[in-house]
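All values derive from a computational prediction rather than experimental measurement.
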Amino acid sequence: MSEVPQNQAGRPPYPPFTYETATVKVKAAQDLWNTRDPQKVKNGYTPDSVWRNRDKFFTGHEAIVAFLTDKWKIENGYRLRKELFSFTDNKIAVQFWYEYHDTSGQWYRAYGLEDWTFADNGLMKKRQMSANDVKIAEEGRWFKDGVDVNNVDISEKHW
């Protein structure tokens with residue numbers, strides 16, 4: 001694993017991950033993204049973090065903030081759930097679902113996978129995301145206001 005400068009703050013839990021610490025890391029990322037605050041979200045990533053988000057490729061905090069700012073101007077009402085898919089020493093794979101509506105009010109659910117690699121200090125240094133969006137009706141939403149995203153039953157029929 002790579003060395004991290006002493007002056008770069010970290011974010012526990014740190015690699016190498018166990019099932020328990022990988023699960024904590026996934027739920028912490030879920031909670032951070034659900035703030036919909038790009039300035040907070042960037043703090044989970046190294047300053048030179050490399051991203052692929054669908055068809056977009058970029059690096060660093062400024063690009064992360066710009067990307068998320070633009071994303072959440074379009075993806076209104078964003079609510080996300082992440083689940084641990086797999087892990088190794090400093091890598092975590094995640095499956096996720098999120099819902100949002102566009103500027104016309106049409107609701108969507110995104111189904112996807114992410115591949116994460118972490119620096120020794122627990123900050124993510126690489127994030128790759130692939131997802132598909134499906135139109136849904138208001139009454140078909142899982143993550144309505146007041147619902148704990150962690151308690152929604154997502155079973156095999158949703159895979």
Side-chain angles (χ1 to χ4, degrees), residues 1-102 108-134 142-143 147-152 154 158-159:
M1 285 187 245
S2 61
E3 288 293 317
V4 176
Q6 292 283 51
N7 62 350
Q8 185 174 321
R11 185 170 288 240
Y14 307 108
F17 297 116
T18 64
Y19 174 79
E20 291 76 18
T21 60
T23 299
V24 167
K25 200 66 149 174
V26 168
K27 291 302 179 179
Q30 170 188 292
D31 294 346
L32 192 60
W33 276 68
N34 277 331
T35 68
R36 295 180 296 224
D37 182 338
Q39 292 296 331
K40 288 181 181 177
V41 173
K42 77 173 185 187
N43 294 325
Y45 301 87
T46 62
D48 60 349
S49 184
V50 175
W51 283 34
R52 181 189 56 79
N53 198 93
R54 299 180 193 247
D55 62 346
K56 295 186 176 21
F57 298 79
F58 49 93
T59 302
H61 281 178
E62 285 184 33
I64 290 169
V65 170
F67 170 78
L68 293 174
T69 299
D70 291 344
K71 172 185 178 68
W72 289 322
K73 284 180 184 172
I74 298 166
E75 295 182 1
N76 299 289
Y78 179 96
R79 300 274 313 274
L80 165 72
R81 171 150 159 201
K82 293 181 183 281
E83 293 292 335
L84 178 64
F85 189 76
S86 184
F87 71 96
T88 62
D89 292 338
N90 72 331
K91 297 176 186 269
I92 295 176
V94 174
Q95 59 185 351
F96 66 86
W97 308 263
Y98 69 83
E99 294 177 351
Y100 67 93
H101 65 84
D102 63 17
Y108 293 86
R109 182 176 304 121
Y111 296 81
L113 297 168
E114 291 179 327
D115 164 25
W116 301 343
T117 303
F118 290 86
D120 289 345
N121 66 350
L123 295 176
M124 198 180 304
K125 66 181 181 178
K126 183 191 79 164
R127 174 184 176 269
Q128 293 188 87
M129 182 276 239
S130 296
N132 297 304
D133 297 318
V134 177
W142 295 341
F143 306 140
V147 171
D148 180 345
V149 296
N150 295 307
N151 291 329
V152 173
I154 301 175
H158 302 109
W159 299 346

What are the two closest non-hydrogen atoms of [X] and [Y], and how far apart are they?
| X | Y | result |
| --- | --- | --- |
| I92 | V94 | CG2-CG2, 3.8 Å |
| V41 | W33 | CG1-NE1, 3.7 Å |
| T18 | T21 | N-OG1, 2.8 Å |
| I154 | R81 | CD1-NH1, 3.7 Å |
| D115 | K126 | OD2-NZ, 3.0 Å |
| Y78 | Y100 | CA-CB, 4.3 Å |

Partners meeting salt bridge (charged side-chain N to carboxylate O under 4.0 Å, His left out) with [X] (sequence neighbours left out):
| X | answer |
| --- | --- |
| D133 | R54 |
| R127 | E114 |
| K56 | none |
| K27 | E83 |

Working for side-chain contact (heavy atoms from CB on, under 4.5 Å), residues K42 and S49: CA-CA 9 Å; K42 77 173 185 187; S49 184; over 6 Å; no
Counting C-beta onward and ignoring hydrogens, is there a side-chain heavy-atom pair between [X] and [Y] closer than 4.5 Å?
| X | Y | answer |
| --- | --- | --- |
| V149 | L80 | no |
| S86 | K91 | no |
| K25 | L84 | no |

Salt bridge (Lys or Arg N to Asp or Glu O under 4.0 Å) contacts touching residues 65-79 (sequence neighbours left out):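 Counting only pairs at least two positions apart or across chains, the salt bridge (Lys or Arg N to Asp or Glu O under 4.0 Å) contacts touching residues 65-79 are K71-E75.
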Distance check, rounded to the nearest 0.5 Å: [X] atom [atom1] versus [Y] atom [atom2]?
| X | Y | atom1 | atom2 | result |
| --- | --- | --- | --- | --- |
| I64 | Q39 | CD1 | CD | 11.0 Å |
| E99 | F143 | CD | CZ | 5.5 Å |
| D37 | N43 | CG | CG | 9.0 Å |
| I74 | Y108 | CD1 | OH | 11.0 Å |
| D31 | K40 | CG | NZ | 11.5 Å |
| T117 | K125 | OG1 | NZ | 7.0 Å |

Relative to the ring of [Y], is the ring of [X] parallel (under 30°), tilted (30 to 60°) or perpendicular (over 60°)?
| X | Y | value |
| --- | --- | --- |
| W51 | F58 | tilted |
| W116 | F118 | perpendicular |
| W142 | Y111 | perpendicular |

For a quick test of your reading: what N or O donor-acceptor pairs under 3.5 Å do the side chains of residues 10-17 make, sequence neighbours left out?
none

